[in-house]
Amino acid sequence: MEKSYPFDKIEPKWQEYWSKKKLFKADIKDFEKKFYCLVMFPYPSAALHVGHGRNYIIGDVVARYKKMRGFNVLTPMGWDAFGLPAENAAIKNKTHPKKYTLANIKRMKEQLKSWGVCYDWSCEVASCLADYYKWTQWIFLKLLEKGLAYRKKAFVNWCSSCNTVLANEQVIEGKCERCETAVSQKDLEQWFFRITDYAERLLGDLKSLENWPERVKIMQANWIGRSEGVRIYFPVVGSEETLACFTTRVDTIFGATYMVIAPEHPHLEELLDGVKEKSKIMVAVEKMRTESKIMRVQADAEKVGIFTGRYAINPVTKRKIPLWVANYVLMEYGTGAVMAVPAHDQRDYEFAAKYKLPIETVIQKSEVRGQRSEEPGKAYEDDGIMVNSAQFDGLENREAIGKITDWMEEKKIGKKATEYKLRDWLISRQRYWGAPIPVVYCEKCGIVAVPEKDLPVILPEDVKFGAPALGRSALGGKGESPLKTSKKFVDTKCPKCKAEARREIDTMDTFVDSSWYFLRYISAKLENKPFEKEDVDRWLPVDQYIGGVEHAILHLLYSRFIVKVLNEMGLIGFDEPFKNLFTQGMIIKNGAKMSKSKGNTVSPDELIKKFGADTIRLYTLFIGPPEKDAEWSDRGVEGAYRFLGRVWRMAKQTTDDRRQTTDEERGTVNDEKLKRKTHQTIKKVTDDIEKGFHFNTSISAIMELVNEVYLAEDKKSSSRETIEQAVKTVIVLLSPLVPHICEELWEKLGGKESILKKEWPSYDAKLVLAENITLPVQINGKLRSKMEIPRGLVAEELKEKILADEKIKSHLAGRDIKKWIVVPDKLVNIVLS
RNA sequence: GCGCGGGUGGCGGAAUUGGUAUACGCGCAUGCUUGAGGAGCAUGUUCCGAGAGGAUUGCGAGUUCGAGUCUCGCCCCGCGCACCA
């Protein structure tokens with residue numbers, strides 16, 4: 001294809017210019033009009049595709065736009081460089097993860113540059129480098145100091161393929177988020193962060209995040225999953241034990257006909273003491289415990305249970321109710337024990353039906369008193385009137401909740417309680433490529449934190465690592481970290497007593513690395529501290545955070561947590577990291593998310609060679625609303641290219657023809673029209689960017705203006721000055737979106753310095769309004785005529801004019817007018833009787 | 001199952017508080033230009049109809065002078081959560 005403009009010459013030229021002139025270097029000390037523009041830092045994988053580009057392009061446009069609005073913009077970039085994929089790739093390619101990662105970083109940097117995406121590289125960070133992870137370890141120590149990092153033995157999610165434990169957040173439908181292997185349960189000693197202590201604040205403060213997408217806030221709220229209810233104590237017959245269970249439906253307590261506990265319940269074994277069949281029961285329980293999560297966690301999974309031989313007492317009916325163990329009860333939520341109300345809970349109903357347990361109705365549909373309210377085969381879960389519930393009979397069940405709660409509290413058989421779905425954050429990983437947990441185990445002193453002065457705990461290089469996923473596990477999948485193979489690393493001295501000791505061999509979840517990087521950017525090169533408090537307090541919260549929705553829960557929740565912890569310790573002065581969040585949609589190709597494994601990626605390198613970076617940028621921004629997913633189309637790219645060619649030719653025409661408009665011509669032109677369009681476009685583009693990054697509609701508005709300029713040129717309907725003004729406006733408005741071509745044209749039109757230094761144009765509000773409007777005239781709601789009338793005509797004049805219209809006259813045909821509906825400057829509707 | 005988005009031409013998608021539905025782009029068609037191709041330019045392009053005109057925003061009803069937009073019922077698609085007691 002013939003080039004319609006020399007993008008291959010101008011793009012490298014301006015990329016050099018921006019970097020030489022350090023136009024994106026921010027002055028950290030100048031915070032008067034600061035703007036912290038942050039894109040989620042990437043994982044340095046093999047190569048970027050155009051799907052990744054959307055994120056960086058949007059970030060770059062925002063940074064450029066804010067710069068033109070006079071802000072001191074900080075736009076940093078870094079690398080989320082630890083993690084499993086690098087380790088797996090390194091094993092596969094027989095190289096070291098560090099080498100692999102650094103090579104990828106180098107390559108991705110070049111790609112970003114070729115996109116015309118600019119950053120302040122002076123604050124670059126990479127989480128796998130010791131000068132960064134030193135401070136990740138420091139944050140761990142701070143949490144340890146505060147009791148927010150702790151070690152416990154627990155049933156944890158285990159991925160046998162990745163050979164590591166996973167956080168709850170990394171288990172999707174019972175499968176490993178990464179490799180989709182079914183996750184099993186393993187009883188292991190692990191490190192946790194006490195994020196549950198912050199559940200209430202993490203939930204409550206969502207309200208203050210006004211400029212976060214609603215759906216992200218909802219996702220976080222659901223994840224935290226707060227529910228209010230009552231904790232009820234059930235005595236166990238023939239045992240000292242009292243079993244507590246949590247319910248949100250105390251109103252159904254009189255219908256609790258049996259009780260179920262989780263197979264993992266810590267008191268289960270003691271409860272079974274004295275039960276004849278104990279050993280037989282324990283075999284079944286053991287089976288339930290090791291059952292993979294995927295089998296247990298699905299709503300349609302077969303409910304399996306076993307009777308314990310024990311009975312509990314329903315504290316309100318005083319009746320003996322059988323105690324069962326069942327796979328559908330989760331130890332992680334509530335107390336791990338549930339009062340079962342088969343009449344009003346579908347799960348309990350299914351279980352009761354299967355094992356022939358009694359079902360007792362205690363709530364009935366209000367309007368059909370005395371009738372059985374449940375559908376056959378279904379529990380009645382809706383609201384209604386209380387029955388079979390002693391003194392609470394006849395009450396609305398909603399009302400009864402409060403009354404029963406108060407009554408139980410008074411009688412000390414229950415207590416108000418709030419439960420959360422959120423669980424503590426498991427941060428140990430049995431993998432090599434991560435930040436070592438800075439802890440030492442000493443025979444005498446127990447768990448000892450590595451003193452701050454000894455940080456960083458350097459990740460050793462003489463380690464044998466392998467992934468069982470690739471069939472070459474160095475450790476046979478026993479769940480131990482590869483760091484164990486480095487004797488030099490493991491053997492150490494206890495920092496307290498100097499005796500022989502061994503180091504913690506697990507590394508930290510990479511989400512710990514990414515939960516604070518936005519602080520490090522501010523003080524990237526600082527050696528004695530993770531960040532300068534004074535500076536981060538001035539620059540944060542981040543003014544605009546941009547990234548994919550896939551991080552709606554994990555990364556964003558963890559970052560909020562870490563910031564709240566640091567804030568509470570007085571280390572920073574703010575308690576939310578990101579004031580404004582924008583989540584862009586994915587780029588789809590052939591109906592699927594672009595990914596190397598699916599083989600549907602589109603490489604930017606070739607496209608840039610063929611059409612130039614500006615074309616890719618323009619198309620990426622024009623493809624659709626940025627928050628929605630969009631299908632990539634190669635045809636669309638050509639369209640974007642064609643438009644830029646049109647802009648190029650339009651500007652060239654202007655530079656070629658710089659003569660003054662003659663007086664004679666002046667008499668025949670109507671400058672107002674193009675002037676109006678120019679000002680309307682400025683308003684539209686500005687509003688679109690400000691109110692939600694609607695670049696797609698901004699671009700179409702600019703296209704309209706370009707079409708208008710061509711028309712004006714053709715018909716000679718505008719003066720040279722007005723046309724030149726319109727052309728300049730197009731270039732300025734387009735410059736954040738397609739910076740290379742705009743810089744070049746700006747220079748050609750006489751711009752003395754970078755267009756980035758040009759102020760964003762303002763519009764004349766009067767000119768935004770059209771002088772004449774096409775007024776639709778309806779009769780009885782049907783469009784009958786369109787009339788060209790001056791804007792703002794008073795009602796009487798307007799009616800007169802309309803009645804004089806031939807078309808309207810014929811439609812009226814002398815009939816009576818009942819009513820005039822005049823919407824100023826919009827339309828007129830004549831209602832006939 | 002629960003929650004959140006959506007459903008508008010052949011396609012991606014526009015439409016302030018209810019006020020000309022289909023902007024802008026892609027594709028397609030015709031013409032000009034060119035040795036041809038490509039590129040460019042011009043015109044047209046929701047559907048039916050030669051035309052006048054009529055129909056049209058997933059389906060059905062309602063409110064209104066007027067509904068893509070509001071209300072009710074239903075259908076379909078995408079996403080998130082999901083045995084959370």
Side-chain angles (χ1 to χ4, degrees), chain A residues 1-4 172-174 213-219 221-223 225-227 229 245-249 252 256 260 296-303 326-330 332-341 344-348 350-351 381 419-423 549-550 552-553 585-586 618-619 622-625 627-643 645-646 649 687 691 694 696-704 706-707 710 714 773-783 786 818-832:
Chain A
M1 196 190 295
E2 200 182 307
K3 286 186 176 62
S4 48
I172 310 294
E173 287 179 12
E214 208 51 42
R215 69 174 164 153
V216 172
K217 287 193 274 185
I218 289 167
M219 278 159 81
N222 288 343
W223 189 262
R226 183 194 144 100
S227 42
C245 70
F246 173 78
T247 182
T248 52
R249 294 287 307 270
T252 64
V260 223
R296 271 185 62 186
V297 133
Q298 277 170 1
D300 52 6
E302 172 80 13
K303 290 177 179 48
N327 64 347
Y328 76 97
V329 181
L330 308 170
E332 308 92 272
Y333 184 74
T335 60
V338 177
M339 67 175 214
V341 185
H344 305 292
D345 181 287
Q346 188 56 27
R347 297 155 298 174
D348 297 342
E350 284 165 26
F351 192 77
E381 294 181 325
E419 285 291 342
Y420 299 90
K421 287 194 221 171
L422 185 69
R423 275 156 247 154
V549 242
E550 63 273 21
I553 299 174
M586 282 185 313
L618 186 74
Y619 177 62
F622 188 58
I623 193 167
E627 69 279 5
K628 280 177 49 184
D629 292 350
E631 171 83 26
W632 185 267
S633 133
D634 294 333
R635 293 284 199 184
V637 177
E638 286 172 35
Y641 180 65
R642 206 172 297 154
F643 172 69
R646 228 166 123 74
R649 286 191 302 276
D687 288 354
K691 83 182 172 206
H694 299 155
N696 54 330
T697 46
S698 303
I699 293 168
S700 56
I702 298 170
M703 286 172 167
E704 283 184 58
V706 171
N707 291 345
Y710 270 98
D714 249 32
I773 46 174
T774 313
L775 191 76
V777 181
Q778 303 176 344
I779 293 174
N780 284 343
K782 288 226 179 227
L783 180 70
K786 286 184 187 177
K818 194 173 153 196
K819 187 155 92 171
W820 284 84
I821 293 156
V822 181
V823 182
D825 296 343
K826 289 279 185 189
L827 62 73
V828 169
N829 189 9
I830 303 168
V831 185
L832 301 177

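A, B, ... follow the sequence lines: proteins, then strands. Residue 1 opens every chain.
- Between B/C83, B/C4, B/A85, one nucleotide has an atom nearer to the side chain of A/K303 than all others, and that is B/C83.
- Rounded to an integer number of Å, the gap from CZ of A/F643 to C1' of B/C41 is 17 Å.
- The side chain of A/F622 approaches B/G12 more closely than any other nucleotide in the set B/G19, B/G12, B/A85.
- With rounding to whole Å, A/H344 atom NE2 is found 23 Å from B/C83 atom P.
- As judged by a 4.0 angstrom heavy-atom cut-off over every strand, A/T697 is placed among residues touching the sugar-phosphate backbone only.
- Under the Watson-Crick or G-U wobble criterion, with both distances below 3.5 Å, B/G51 has no partner in any strand shown.
- Rounded to whole Å, the separation between the C1' atoms of B/U20 and B/A15 comes to 11 Å.
- In this structure, the CZ atom of A/R423 is 12 Å from the C1' atom of B/C81, given to the nearest Å.
- Looking at heavy-atom distances under 4.0 Å, A/I218 makes contact with sugar-phosphate atoms alone, never a base.
- Summarising the geometry, the separation between CD on A/E638 and P on B/C28 is reported as 10 Å, rounded to the nearest angstrom.
- Nearest nucleotide to the side chain of A/E704, out of B/C24, B/A85, B/C83: B/C24.
- Here the side chain of A/R642 is nearest to one of B/C26, B/G25, B/C41, namely B/C26.
- Between B/C48 and B/C81, the distance separating the two C1' atoms is 47 Å to the nearest Å.
- Glycosidic conformation, B/G9: syn, with the torsion inside 90° of 0.
- Rounded to a whole angstrom, the distance from the P atom of B/G58 to that of B/G10 is 13 Å.
- Distance noted for atom P between B/G38 and B/U30: 13 Å (whole Å).
- A distance of about 14 Å separates the C1' atoms of B/U46 and B/A23, rounded to the whole Å.
- Here the nucleotide nearest the side chain of A/S700, chosen from B/A23, B/C65, B/G27, is B/A23.
- Residue A/E631 is out of contact with every strand shown, counting any heavy-atom pair closer than 4.0 Å.
- Candidate nucleotides B/C24, B/A42, B/G27 were compared by shortest atom distance to the side chain of A/R635, and B/G27 ranks first.
- Nucleotide B/A82 holds its C1' atom 7 Å from the NZ atom of A/K421, rounded to whole Å.
- For B/C2, the paired base is B/G80 (Watson-Crick or G-U wobble, both distances below 3.5 Å).
- Using the Watson-Crick or G-U wobble rule with both distances under 3.5 Å, B/C28 pairs with B/G44.
- The same atom, C1', is picked in B/G60 and in B/C75; the two are 10 Å apart, to the nearest Å.
- At distances below 3.5 Å, at least one donor-acceptor pair connects side-chain atoms of A/Y619 with backbone N or O atoms of A/S633.
- Listed nucleotides: B/C81, B/G19, B/C24. Nearest to the side chain of A/I553: B/C81.
- In the set B/A82, B/C26, B/G19, the nucleotide with an atom closest to the side chain of A/W223 is B/A82.
- In the set B/G19, B/G25, B/C26, the nucleotide with an atom closest to the side chain of A/Q778 is B/G19.
- Closest approach to the A/N829 side chain among B/C24, B/C65, B/C41 is made by B/C65 (side chain taken as heavy atoms from C-beta onward).
- Two residues, A/E214 and A/G624, neighbour RNA chain B, and the one matched to the more 5' nucleotide by heavy-atom proximity is A/E214.
- When the P atom of B/C24 is taken as reference, atom CG of A/N696 falls 14 Å away, rounded to whole Å.
- The OH-C1' distance, from A/Y333 to B/C83, rounds to 13 Å in whole Å.
- For the pair A/N707 CG and B/U43 P, the interatomic distance rounds to 10 Å; values are reported in whole Å.
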